[in-house]
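A short write-up of the structure that comes next.
Residue numbers start from 1 in every chain, and the chains themselves are labelled A, B, ... in the order their sequence lines are given, proteins ahead of strands.
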Amino acid sequence: MASLVPLKEKKLMEVKLGELPSWILMRNFTPSGIVGAFQRGYDRYYNKYINVRKGSISGINMVLAAYVVFSYCISYKELSKCSGMTQLPVSREAGVDWLC
Amino acid sequence: MNENLFASFVTPTMMGLPIVILIIMLPPMLLTSSKRLISNRFHSFQQWLIKLIIKQMMLIHSPKGRTWSLMLVSLIMFIGSTNLLGLLPHTFTPTTQLSTNLCMAIPLWAGAVILGFRHKLKASLAHFLPQGTPISLIPMLIIIETISLFIQPMALAVRLTANITAGHLLIHLIGGATLVLTSISPPTATITFIILALLTILEFAVALIQAYVFTLLVSLYLHDNT
């Protein structure tokens with residue numbers, strides 16, 4: 001069945017799997033396009049969870065949780081140096097990194 | 001020991017890109033703006049908060065000083081939200097860096113002082129000599145007052161940095177101590193955990209109080225000079 005809608009204007013969920021690479025290449029990667037994508041994402045989240053009559057605290061909590069996970073990923077490298085620090089080190093020389 | 005304790009204060013970069021820019025831009029994204037008169041709960045709460053802040057802070061100023069309302073309210077919202085976000089685990093707090101705080105303190109203080117010198121030159125110069133000083137003490141007192149004037153921006157920046165950094169460090173240390181003590185003696189670990197809980201409550205208060213103090217002092221310098 002030939003597609004009736006041109007590939008460029010399809011949304012992601014309507015794109016067939018074989019058409020995916022060409023769909024990705026056709027997206028707007030100019031700076032204004034990327035800014036527009038972030039703006040659309042922000043508006044979608046804002047209008048769904050925050051800009052409602054009885055918004056709950058979970059609207060902002062999801063953002064904060066994502067921020068915590070993001071910060072954890074950033075600082076993973078330093079955190080991985082102290083693994084299993086639940087015991088005091090045996091000798092003073094070995095206690096170089098007990099305050100991770 | 002020293003390197004790992006202070007590792008959380010390192011400016012975060014990802015493959016050489018300074019993500020600290022994104023982290024500094026996060027609190028402004030959480031403070032919403034709306035074109036409607038009555039908006040959603042989140043925005044109404046912020047409006048109520050800003051109204052409270054303005055009423056508290058800008059009443060003492062003359063109309064000339066009130067032109068600074070936008071600046072001062074933005075300042076207290078930024079510092080308050082940044083400090084509170086820094087209490088989440090693993091996050092980076094820009095206000096722990098002396099560079100950020102100096103960049104906030106010096107221009108605001110300099111603006112207030114220069115405003116005073118431009119519009120009320122005599123009164124600004126008169127601040128250097130308190131009333132009723134003995135004549136022999138005048139030269140020394142002028143030197144002291146000049147030094148105290150120039151130390152104001154440094155004190156603003158260092159106060160904020162030191163308070164927030166010290167709080168974060170204490171949380172790290174006491175948390176680490178609690179973790180180690182659970183395997184050695186659980187009752188002591190319980191006591192340490194209670195101390196940690198109290199400290200976290202204190203840190204929430206300190207986060208807000210420091211924002212308030214910073215902004216209040218800037219507004220005081222402004223009041224002196226308008």
* Structure fact -> So, the part of A/I60 with a heavy atom under 4.5 Å from chain B: the answer is side chain
* To do: For atom CD1 of A/I34, decide whether the heavy atoms of other residues, nucleotides or ligands shown that lie under 6.0 angstrom number more than 12.
  => yes
* Decide whether B/T93 and B/T95 meet the rule of one side-chain donor and one side-chain acceptor closer than 3.5 Å. => no
* **Side chains of B/M77 and B/I53 in contact at under 4.5 Å (non-hydrogen atoms)** => yes
* Who among B/N40, B/L30, B/T91 has the most heavy-atom pairs with chain A under 4.5 Å? -> B/N40
* To do: Could you name each residue pair satisfying ring-ring contact (aromatic ring centres under 6.0 Å, His included) that touches residues 173-194 of chain B, not counting sequence neighbours?
  => none
* Give a yes or no on whether B/I38 atom CD1 has more than 12 heavy-atom contacts from other residues, nucleotides or ligands under 6.0 Å away. => no
* Asked: Do any pairs count as a side-chain hydrogen bond (donor to acceptor under 3.5 Å, both in side chains) and have a residue in residues 188-209 of chain B, sequence neighbours left out, and if so which ones?
  -> B/S185-B/T188
* chain A contact via B/T32 - which portion, at a heavy-atom distance below 4.5 Å -> side chain
* Asked: What are the residues of residues 66-77 of chain A, in order of number, with any heavy atom under 4.5 angstrom from a heavy atom of chain B?
  -> A/Y67, A/V68, A/F70, A/S71, A/Y72, A/I74, A/S75
* Asked: For B/T161 and B/Q97, does a side-chain donor sit closer than 3.5 Å to a side-chain acceptor?
  -> no
* Would you call B/I164 and B/L160 a side-chain contact if the rule is heavy atoms closer than 4.5 Å? -> yes
* Asked: Does B/F214 reach the side chain of B/L75, with side-chain heavy atoms less than 4.5 Å apart?
  -> yes
* Structure fact -> Which of B/N101, B/I106, B/V158 passes side chain to side chain contact (heavy atoms under 4.5 Å, CB included) with B/P153? Answer is B/I106
* Asked: Considering only heavy atoms from C-beta outward, does the side chain of B/I79 approach that of B/M104 to under 4.5 Å?
  -> yes
* Asked: Within residues 36-46 of chain A, which positions have a heavy-atom distance to chain B below 4.5 Å?
  -> A/Y42, A/Y46
